[in-house]
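Here the structure comes first, spelled out in structure tokens, and everything after it is commentary.
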Number of protein chains: 2
Amino acid sequence: MSRPAAKGRAVAEAGVARVSDATLCGFIGYHMKRAFNVVQADLNQALKPLDLRMVTYSALVLIVDNPGLRQSQLAEALDIERANLVVIIDELEGRELITRDRVPTDRRAYALHATLAGRRLYDRALEAVRDHERRILNGMDEESKQAVIRAMSVIRRGSEGG
Amino acid sequence: MSRPAAKGRAVAEAGVARVSDATLCGFIGYHMKRAFNVVQADLNQALKPLDLRMVTYSALVLIVDNPGLRQSQLAEALDIERANLVVIIDELEGRELITRDRVPTDRRAYALHATLAGRRLYDRALEAVRDHERRILNGMDEESKQAVIRAMSVIRRGSEGG
DNA sequence: CGATTTTAGTTATAAACTATAACAGTTATT
DNA sequence: AATAACTGTTATAGTTTATAACTAAAATCG
């Protein structure tokens with residue numbers, strides 16, 4: 001009788017009543033991380049039926065869109081180490097979604113090309129990712145989307161020049 | 001003489017002239033990932049002198065701001081597994097930045113508190129992170145920042161309800 | 001030309017991060 | 001009192017990311 005015990009909480013004190021992240025909320029980066037976690041989780045969920053992860057999906061898209069791409073170009077575009085790209089390419093090639101074609105004029109390099117199966121999966125994946133974005137953006141208006149893209153570009157640009 | 005060879009490019013064809021990420025650029029998630037990579041790299045760089053990483057920094061901030069916090073509360077707030085939080089707390093405790101205090105009313109739990117050294121590091125870290133944000137946002141106007149925060153909140157909210 | 005340096009792809013390996021299951025001790029439920 | 005649920009922990013395996021070293025081929029330069 002003497003203690004209402006908020007929302008059915010039991011006797012033992014349960015630390016703080018509510019965790020405040022007010023300080024962290026003062027930083028854009030915090031909001032970006034939290035939101036990106038959601039995006040990544042949902043995206044991987046959306047790609048799972050196609051047996052793709054974020055990185056294999058991105059790689060496939062760039063290979064389809066840039067026929068003849070070299071592995072080192074792809075690694076740079078994806079911002080991952082050449083060494084780590086190898087296993088990704090191995091996987092896509094093993095599933096016969098892409099081919100590694102020796103380049104006659106530079107026998108060190110491989111030119112990457114998507115197979116028909118690769119292009120078909122590309123189409124399906126694109127569809128799945130469009131659905132995913134519609135879902136996570138939840139009816140966000142076009143203006144807001146553009147504002148985000150502009151802001152993200154500012155951040156990205158900053159890391160290049162001086 | 002017959003071949004200008006764009007921008008001093010040597011004889012062997014170097015795959016595609018320029019990698020197009022136009023398809024991926026159609027997705028907000030892509031822009032977020034690219035930008036977040038930059039943020040994360042710069043943040044970790046900024047925190048390195050203080051021997052903090054993104055996650056240890058976030059944990060320290062939440063502990064300072066929420067005295068008496070339980071590990072399970074912190075794990076949930078940081079969106080990481082209880083099991084994985086243990087080593088993080090171990091590290092902060094080992095450096096005497098925080099203490100694990102047994103709770104008399106619930107002898108399973110530990111209440112987390114920052115030490116004086118922890119609060120001092122908190123202050124320095126906050127300063128460093130503010131500098132970092134100023135750097136990466138590169139003079140972005142307040143309105144754009146708020147637009148980003150609103151958009152990130154929309155994404156984050158979407159993952160909670162139905 | 002021939003020696004040296006650079007590049008492309010690869011392998012091996014370590015480090016860091018994440019997820020899962022199982023456990024002891026304690027508290028809550030019925 | 002018996003059972004279930006919760007807190008922190010350990011162990012472990014899977015993933016991702018970073019680094020160094022290697023082969024083969026091409027570019028550079030005396």
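Every chain is numbered from 1, with letters handed out A, B, ... down the list of sequences. Remember, it's a predicted structure, so these values are computed and weren't measured experimentally.
Both A:Ile80 and A:Leu62 belong to a single network of hydrophobic side chains, linked directly or stepwise wherever heavy atoms of I, L, V, M, F, W or Y lie under 4.5 Å apart. In terms of hydrophobic clustering, with Ile, Leu, Val, Met, Phe, Trp and Tyr side chains grouped at heavy-atom distances under 4.5 Å, B:Val103 and B:Leu112 are assigned to different clusters.
For the side-chain contact (heavy atoms from CB on, under 4.5 Å) test with B:Met152, the passing option among A:Val148, A:Val38, A:Val39 is A:Val148; the others fail. Applying side-chain contact (heavy atoms from CB on, under 4.5 Å) to A:Asp65 and the options A:Leu69, A:Val61, A:Ile63 leaves one that passes, A:Val61.
Atom CZ of B:Arg102 has more than 12 neighbouring heavy atoms from other residues, nucleotides or ligands inside a 6.0 Å radius.
For A:Arg53, the listed nucleotide lying nearest its side chain is D:dT16; candidates were D:dA25, C:dT11, D:dT16.
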Could you run down the sub-3.5 Å N/O contacts of the protein with nucleotides 19-22 of chain C?
from, atom 1, to, atom 2, distance (Å)
C:dA19, N7, B:Asn84, OD1, 3.3
C:dA19, N7, B:Asn84, ND2, 3.0
C:dA19, N6, B:Asn84, OD1, 3.3

Under-3.5 Å N/O pairs linking protein and nucleotides 3-7 of chain C:
from, atom 1, to, atom 2, distance (Å)
C:dT7, O2, A:Arg108, NH1, 2.8

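Atom CD in A:Glu93 sits roughly 12 Å away from atom C1' in C:dG9 (whole-Å rounding). Straight-line distance from the CD atom of B:Gln40 to the P atom of C:dA16: 14 Å, rounded to whole Å. In this structure, B:Arg107 atom CZ and C:dA24 atom P are separated by 17 Å, rounded to whole Å. The distance from atom CZ of A:Arg70 to atom P of D:dA24 is 20 Å, rounded to the nearest whole Å. Between the C1' atom of C:dG9 and the CG atom of A:Asp90 lies a distance of 11 Å, rounded to the nearest Å. A straight line from OH of A:Tyr110 to C1' of D:dA24 spans 10 Å, rounded to a whole angstrom. Distance, A:Leu78 CG to D:dT17 C1': 14 Å, rounded to whole Å. Between B:Gln45 atom CD and D:dA18 atom P the separation is 12 Å, expressed in whole Å.
Counting non-hydrogen atoms under 4.0 angstrom, A:Arg100 reaches the backbone sugars and phosphates but no base.
For the pair B:Gln73 and D:dT7, the criterion of a side-chain N or O lying under 4.0 Å from OP1 or OP2 is not met.
Although no hydrogens or angles enter the test, the distance criterion places a donor-acceptor pair under 3.5 Å between the side chain of A:Arg119 and the main chain of A:Ala114.
Using a 4.5 Å heavy-atom cutoff, the side chains of B:Gln146 and B:Glu143 are not in contact. Contact of the B:Leu137 side chain with the A:Ile155 side chain is registered, since non-hydrogen atoms from C-beta on lie closer than 4.5 Å.
The CZ atom of B:Arg100 sits 5.0 Å away from atom CD of B:Gln71, with the distance rounded to the nearest 0.5 Å.
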